[in-house]
Structure formats: C-alpha cells, structure tokens
Amino acid sequence: MPELPEVETARRTLEQLVVDKTIEDITVHWPKIIKFDEGVDSFIERLKGQTFRSIGRKGKFLMFYLDGDVLVSHLRMEGKFSVKSETEPDDKHTHVIFHLTNGEQLRYNDVRKFGTMHLFKEGQEYGVPPLTLVGPEPFDESFTLDYFKAKVQRSSRMIKNILLDQSVVAGLGNIYVDETLFKAGVHPERRGSSIEDIELVRIQQAAAETLLDAVEKGGSTIRSYVNSQGKIGTFQKQLLVYSQQGTPCPNCGREIIKIKVGGRGTHLCTACQQ
DNA sequence: ACCCAGCCCTGGGCGC
DNA sequence: TGCGCCCAGGGCTGGG
C-alpha cells in the first residue's frame, strides 16, 4: 500500500523515465479511474501531444506536470506506474496506457482499481479537491508544534485517526502510523485532547524520521508492491510493529498485538505505548 | 464535529 | 481441487 515513501520512490523513478517524453495517445480500459468531469474522451484529447516536464508529489499524490496541465494521481492500495516498450505484453491489471511517441508506454496497473487520476490546468490544482484536503507533511516547516497542538489537543478523536487524516498531516498511512506511534510510545487509541506537548513532539519527530528513513530505503514492499522499475523497497525488513503481531516487542520483549482502531488493523505494544 | 457502515475492487487465506 | 466466505484498506459519501 503506497504511502509517502512508496509514492516518493515512484516519483523519483518515473522522473528518470518519462520527463521529456510526449504523449501520442491514451488507452483507457477502466474509465472509473479517470476523474474528469468532461469525460474520458476529452481527458485523452486534452493530453495528446503534451510532454512530461516534471513530476511532483504532495502527500500521497503524484503530480505529472505537462504543457500547461497537471495530471494528479492517487495510487490508493495497489496502484503502480511503469514504463515499458510497446512490444511488451501488458497484464490484465493494466487499466490506463499512455502511448509515448518514442515507442514506450507509461502504464497504470492496479489490481484493486481504487486509484484515481484528476486533470487540472496548472496552477488550479491546489484550489480544488482532492489537493485542497492535503495538509503539511511531517518534515514541512509549516508542521509546527503550535499547528499540531491545535489540531490534536482540541480533538476528541483517537490519535491514530487524527494521524491518518491527510488534512492534518499528509503522507502517513496504516503502516507508518503504527510505526510512528510505537516509536513515540503513544497508544493509538489515546484521545487527542489527552496527548501532552512532549508526546506531540515525539510523534512529530517519529513521523518525520520514519518517513525519511523509509524513503531512503525505497519504501516498503508489502505483498506485491514494487516500484516503477520493478525494484523492491527494503523498509519492510525494519518494521517494528506493523504486521509483527505475535512476535516480541523490539523494545521490551512483550508480545506485539493487533487490534482494530477505526476499522483499521492496528499493531502495538501495550507495555511501551501508554 | 465526530463516528460508523458502506462503497469501490480483487486476490489470498480460510474452512469444509 | 474447489467452492464460498471473509478480509485487507484510502478516501469518500451518507446517515446517526
């Protein structure tokens, strides 16, 4: 499941592969992925002839900058982009194909079909959903203690739910939230209003540290997730609690347990996280 | 303002 | 071997 580190890894890889390449045509096998009011046909027509200029990222969104337009894509659970020669056969989960003028293809593959693509005129993308709902990333300068205090300590929601809220802090998903709360020593079911300043600082540091470390390792490869070059990340080897239920806590040796928080599988050590 | 269920999907794991 | 069932989950919507 791509979270910020996996999306950033994809961004870096794709930038090497598609910048300066031009879209000749687009094939859409699963139209629901295209979130464009004017329809799939106009989506295709508008992108034809445009060249990829750069690739950005905001939270878990990939942003492909072209000639005046920006394609904003969310990979959701299992979405992935790859660049292949047009002679390579595509599998049944390839739903969108950008045919490039050099004979290559940028392919969007998604077993769950949950991913999305929005298209905006460059400059308008931040004024409308989905990007209006994306807050600061853990290492942004605007992610200050005062900002975080206001969002957390005035809330009765559980801290895990607050951290999964992309408008509060962008980039964390189920894996890295569990890792962050373990490192910070905070129980995921604690109410926001009960979290002390010192704990908020620990959460901020743990979130930034965890995400940056995972970016360095190329993200986590859970199940079949691989990046655009088919390479796998290695961060899953150093997950402290996620999917570690039944094994000893790396800190105290007590058993890591799995519970449900807000409908999400949640991994923690009840001794280390109060 | 919050929570929850349901929705979108399919493959994998389970019981039988 | 295989069927049917349930689960996983990010973001969104609709109802309480």
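All chains are named by letter (A, B, ...) in the order of the sequence lines, taking the proteins before the strands, and each is independently numbered beginning at 1.
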Could you walk me through whether A/Leu119 and A/Arg46 pass the side chain to side chain contact (heavy atoms under 4.5 Å, CB included) check? CA-CA 9 Å; A/Leu119 181 61; A/Arg46 202 155 124 185; 4.1 Å; yes
Would you say [X] places a side-chain N or O within less than 4.0 Å of OP1 or OP2 belonging to [N]?
{"X": "A/Lys32", "N": "B/dC8", "result": "no"}
{"X": "A/Lys260", "N": "C/dC7", "result": "no"}
{"X": "A/Trp30", "N": "B/dC9", "result": "yes"}
{"X": "A/Lys92", "N": "B/dG11", "result": "yes"}
{"X": "A/His95", "N": "B/dC9", "result": "no"}

For A/Gly265, answer base if it contacts any base atom (sugar-phosphate contacts may also be present), sugar-phosphate if it contacts only those atoms, and nothing otherwise; contact means non-hydrogen atoms under 4.0 Å. sugar-phosphate
What is the nucleic acid contact for A/Thr116, judged by heavy atoms within less than 4.0 Å: base, sugar-phosphate only, or nothing? nothing
Less than 6.0 angstrom separating the ring centers of A/Tyr242 and A/His267, yes or no? yes
Test A/Leu172 against every option in A/Asp178, A/Thr210, A/Leu211 by the side chain to side chain contact (heavy atoms under 4.5 Å, CB included) rule and name the one that passes. A/Leu211
Mark yes when over 12 heavy atoms from residues, nucleotides or ligands other than A/Asp91 sit less than 6.0 Å from its CG; otherwise mark no. yes
Check the distance between C/dA8's C1' and A/His267's NE2 and give it to me in whole angstrom. 11 Å
Please encode protein proximity along nucleotides 10-16 of chain C as a string of B, S and -, counting only heavy-atom distances under 4.0 Å. BBS----
